[in-house]
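In what follows, a structure is listed as structure tokens, so that the remarks can point back to it.
Residues take their numbers from the sequence shown, with the count starting at 1.
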Amino acid sequence: TELYFNNANKLATTNTGISVTGNGDITGDVNVGTGLAGTINVGLTSEYKGVIEYLAAADTNLNIKNTYDGAAGRINFQLRTSGTTVNALSLLGSGDATFGGDVSLGNVKKLKFGLSSDASLQWNNTNNEFEINTSADASEISITAGTTNTYTSEIQIGARSSAQGEGIFFKTRSAEKMRLDASGNLGVGTSSPLFGLSLAQGSADINRIGWNDNGGFKRASILCSSST
């Protein structure tokens, strides 16, 4: 069966369904498939094709697919702004997503990371605070600047393992320089502070406290014995 418009074939039935040539306007609902499944294919070949399918019988999912097998394949969600088409959201073949604008989350709605929601970001409107959370006790939040040991600085909140102990750790060149432990002791140059302020024993410059007095540097010596 074929339907012609202006002497051109527009709609034809085939052994697999209906073939449509050109553009057309449809007023009313369009139902695809029967029962609990339906598929719309856009494109000519299985390798270069877009698919919209609903598989309620299998997993109750609405799937939008780009069948191109490679990182260059993508799905774009586009809008027009001032006459220009922009990608509001691009889903890349690598699994990455690129947004064309801001991403807004509601109050106490979380942006989750990891397979089991291991970490999350959220805004808590009740307390007026921005929260960064982890779900495991032996976990950490790290703020790192730099990519090589020569220029890397890091603030680590939380312990990477139970052996490291709780605390806040300050590092430069991937080496710890200062920590605030769970007891409230601050250690500079030592990972085992015993007092409110503990300075590592070493050279004379390490065992001194300095301050600026009207532009002149002053320092006081802290004497350490081998027994303290």
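Looking at Leu186 and Pro193, their side chains never come closer than 4.5 Å, going by heavy atoms from C-beta outward. Asn128 places a side-chain heavy atom less than 4.5 Å from the side chain of Trp123. A heavy-atom distance below 4.5 Å is found between the side chains of Ile52 and Leu62.
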Return all side-chain donor-acceptor pairs below 3.5 angstrom for residues 94-106, not counting sequence neighbours, or 'none' if the list is empty.
unit_1	atom_1	unit_2	atom_2	d
Ser94	OG	Asp96	OD2	3.4

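By the side-chain contact (heavy atoms from CB on, under 4.5 Å) test, Thr152 is found to be paired with Thr144, residues two or more places apart in sequence or in another chain being considered.
Within 6.0 Å of NZ on Lys112 lie no more than 12 heavy atoms contributed by other residues, nucleotides or ligands. For Asp69, the CG atom counts as loosely surrounded, since its 6.0 Å shell holds 12 or fewer non-hydrogen atoms of other residues, nucleotides or ligands. Atom CD of Glu53 has more than 12 neighbouring heavy atoms from other residues, nucleotides or ligands inside a 6.0 Å radius.
No side-chain donor-acceptor contact under 3.5 Å links Asn133 to the backbone of Ser120.
When only modelled atom types and interatomic distance are considered, Thr85 and Gln78 share no side-chain donor-acceptor pair under 3.5 Å.
When every heavy atom of Phe195 is checked against every heavy atom of Ser198, the shortest pair comes out as N-OG, 3.1 Å.
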Apply side chain to side chain contact (heavy atoms under 4.5 Å, CB included) to the pair Asn63 and Val51, showing each step before the final yes or no. CA-CA 8 Å; Asn63 301 319; Val51 179; over 6 Å; no
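Residues in residues 176-190 take part in these side-chain hydrogen bond (donor to acceptor under 3.5 Å, both in side chains) pairs, two or more places apart or across chains: Thr172-Lys177, Glu176-Arg179.
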